[in-house]
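Worksheet: the structure to be examined is printed underneath.
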Amino acid sequence: MTKAHAGGTDVFVATLSTDLQSAASDRLTYFGGSGNDTAADVKIKDGKVWITGTNRDAGAAKTDPTRAYLARLDLATGGVEYNQTWRGEGDQVTPTSLSIVSGGASVLDRLGLPQGEIMQADSKLLTVATSARVGDQFSISPAGGGRAVAVTIEAKDTLDTLAKKIMTASNRQLKATVITDSRVVPPVQRLQIVAADNKDGAVISAGAVGKDALAALGLSPGFVGKTGDKSAKTYGLNLPNTLNLNDPAGIKAAIDALAQAMTAVRSAYRSLGPQTAPTTNTQTGGGSSTAYQQTQAANFQAALNRLTA
């Protein structure tokens, strides 16, 4: 006997010879306290015995609080190498089984949860710190027009590596830096994108529907650069080249993308159209417009009505 009975009802583990004859290798180990201890399941791995069950205080009734436990015993010495207890809802808990896994499948896999040490510090990986996923994309094209270059999120990407990708994809037209925003508590890092010195800048466009990295990273599509006119606005259709009508999901994505593009067209047209303020007649100096100006305004309004129809 490697460990004696402690009182009440205890759990015991025994090792016997295969011929059931008395041998020096026989062991008997009790596990428990002064109360009533039960075993719900037992597993043996690498010469260690794992047990789970419940324990109650001495003299406790069935409706009194119970505690669950998970213990690991060394049969050779009778020592308790591991013992963890916990309570359940209403102080009633009844474990039914246990599973031991080392590098294999477990209930964590069914729940989609990883195994291993929990990271206590915030991860710098974009796939952990943001909702971006591997394969998400956005594109960068020259300000004066030209071929767009895709920027793809990879598993090891951080803000620093993303900044380098942006500068490379823009042909050094953009400058991307990681800055620390101290206006929030705790301070956070974010990406700042501006036009490089003495450069024209570039246009950043969103990725395909469902694979857009800009939205996941909290970035907005549009032109990044310097303009002489502070009131000038840039509009983009953001139509990806992956649109198709092959299936219902593709058709829906195409309709949504076209609807957003039409909204951008209407916004651009309104900003380019005539203002509501009265136009001064340069010949008379009065507030009324000339016949030519009235005709042009009517043409603009007719075109706008066709777009919004």
Side-chain angles (χ1 to χ4, degrees), residues 105 108-114 123-171 173-174 176 190-193 200-225 232-273 302-309:
L108 293 176
D109 297 278
R110 295 187 178 183
L111 297 175
L113 299 175
S123 175
K124 293 185 178 181
L125 296 176
L126 294 179
T127 54
V128 177
T130 72
S131 59
R133 294 295 175 260
V134 174
D136 288 355
Q137 291 184 330
F138 62 92
S139 60
I140 300 178
S141 54
R147 184 179 66 87
V149 178
V151 177
T152 305
I153 302 299
E154 299 179 25
K156 295 183 179 180
D157 272 341
T158 64
L159 284 178
D160 291 309
T161 60
L162 180 61
K164 294 177 181 178
K165 286 185 176 182
I166 290 174
M167 290 189 289
T168 301
S170 68
N171 196 23
Q173 293 290 321
L174 299 179
R190 61 182 180 88
L191 196 63
Q192 183 182 64
I193 306 174
D200 295 333
V203 178
I204 300 179
S205 302
V209 177
K211 300 289 288 184
D212 178 27
L214 289 184
L217 296 171
L219 300 176
S220 301
F223 170 68
V224 179
K233 296 182 180 180
T234 301
Y235 297 89
L237 299 184
N238 289 330
L239 286 174
N241 57 10
T242 56
L243 292 178
N244 64 79
L245 306 177
N246 297 335
D247 50 51
I251 294 173
K252 183 179 183 304
I255 292 175
D256 293 341
L258 289 174
Q260 294 177 0
M262 288 302 300
T263 300
V265 171
R266 295 187 187 101
S267 299
Y269 193 86
R270 289 192 182 96
S271 68
L272 297 173
L304 182 60
N305 291 338
R306 288 194 294 271
L307 283 173
T308 56

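Just the heavy atoms: all of them, side chains too, but no hydrogens, waters or symmetry mates, feed the values below. This one's a predicted model, so the numbers in the text were calculated from it and none came from an experiment.
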With sequence neighbours excluded, residues passing side-chain contact (heavy atoms from CB on, under 4.5 Å) with Leu258: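 With neighbours one apart ignored, the set is Leu239.
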
Set of side-chain contact (heavy atoms from CB on, under 4.5 Å) partners for Ala163, sequence neighbours left out: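 Ala163 satisfies side-chain contact (heavy atoms from CB on, under 4.5 Å) with Ala176, Leu191 only.
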
Nearest-0.5 Å distance, NZ of residue Lys211 to CD1 of residue Ile153: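 Between Lys211 NZ and Ile153 CD1, I get 10.5 Å after rounding to 0.5 Å.
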
Rounded distance (nearest 0.5 Å) linking atom CD1 of Ile193 with atom CE of Met167: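 Output value for this atom pair is 10.0 Å.
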
Of all pairs that satisfy salt bridge (charged side-chain N to carboxylate O under 4.0 Å, His left out), the ones with a partner from residues 144-160, not counting sequence neighbours: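 Output for this query lists Glu154-Lys165, Asp157-Lys165.
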
Of all heavy-atom pairs between [X] and [Y], which one has the smallest distance, and what is that distance?
X: Ala132; Y: Leu217; value: CB-CD2, 4.1 Å
X: Leu245; Y: Ala254; value: CD2-CB, 3.9 Å
X: Leu214; Y: Ser220; value: CD1-C, 4.4 Å
X: Leu174; Y: Ala202; value: CD2-N, 3.6 Å
X: Phe223; Y: Asp200; value: CZ-O, 3.5 Å
X: Ala155; Y: Thr127; value: O-OG1, 3.9 Å

Side-chain heavy atoms of Leu219 within contact of Ile204, under 4.5 Å: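 With C-beta onward as the side chain, the pair stays apart.
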
Val203 side chain reached by Ser205 side chain, heavy atoms, under 4.5 Å: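 Yes, at least one pair of side-chain atoms sits under 4.5 Å.
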
Listed pairs under 3.5 Å, donor-acceptor, residues 135-145 side chains, sequence neighbours left out:
{"unit_1": "Asp136", "atom_1": "OD2", "unit_2": "Arg133", "atom_2": "N", "d": "3.0"}
{"unit_1": "Gln137", "atom_1": "NE2", "unit_2": "Thr152", "atom_2": "OG1", "d": "2.7"}

Donor-acceptor contact below 3.5 Å, side chain Asn244 vs main chain Asn246: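 Flag set: sc Asn244 to bb Asn246 pair under 3.5 Å.
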
Set of residues satisfying salt bridge (Lys or Arg N to Asp or Glu O under 4.0 Å) with respect to Asp212, sequence neighbours excluded: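 Counting only residues at least two positions away or on another chain, Asp212 forms no salt bridge (Lys or Arg N to Asp or Glu O under 4.0 Å).
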
Qualifying residues under salt bridge (Lys or Arg N to Asp or Glu O under 4.0 Å), relative to Asp256, sequence neighbours excluded: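 Once residues adjacent in sequence are excluded, the partners of Asp256 under the salt bridge (Lys or Arg N to Asp or Glu O under 4.0 Å) criterion are Lys252.
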
CA sep, side-chain torsions, deciding dist, call: Leu162, Val151, side-chain contact (heavy atoms from CB on, under 4.5 Å): CA-CA 8 Å; Leu162 180 61; Val151 177; 3.9 Å; yes

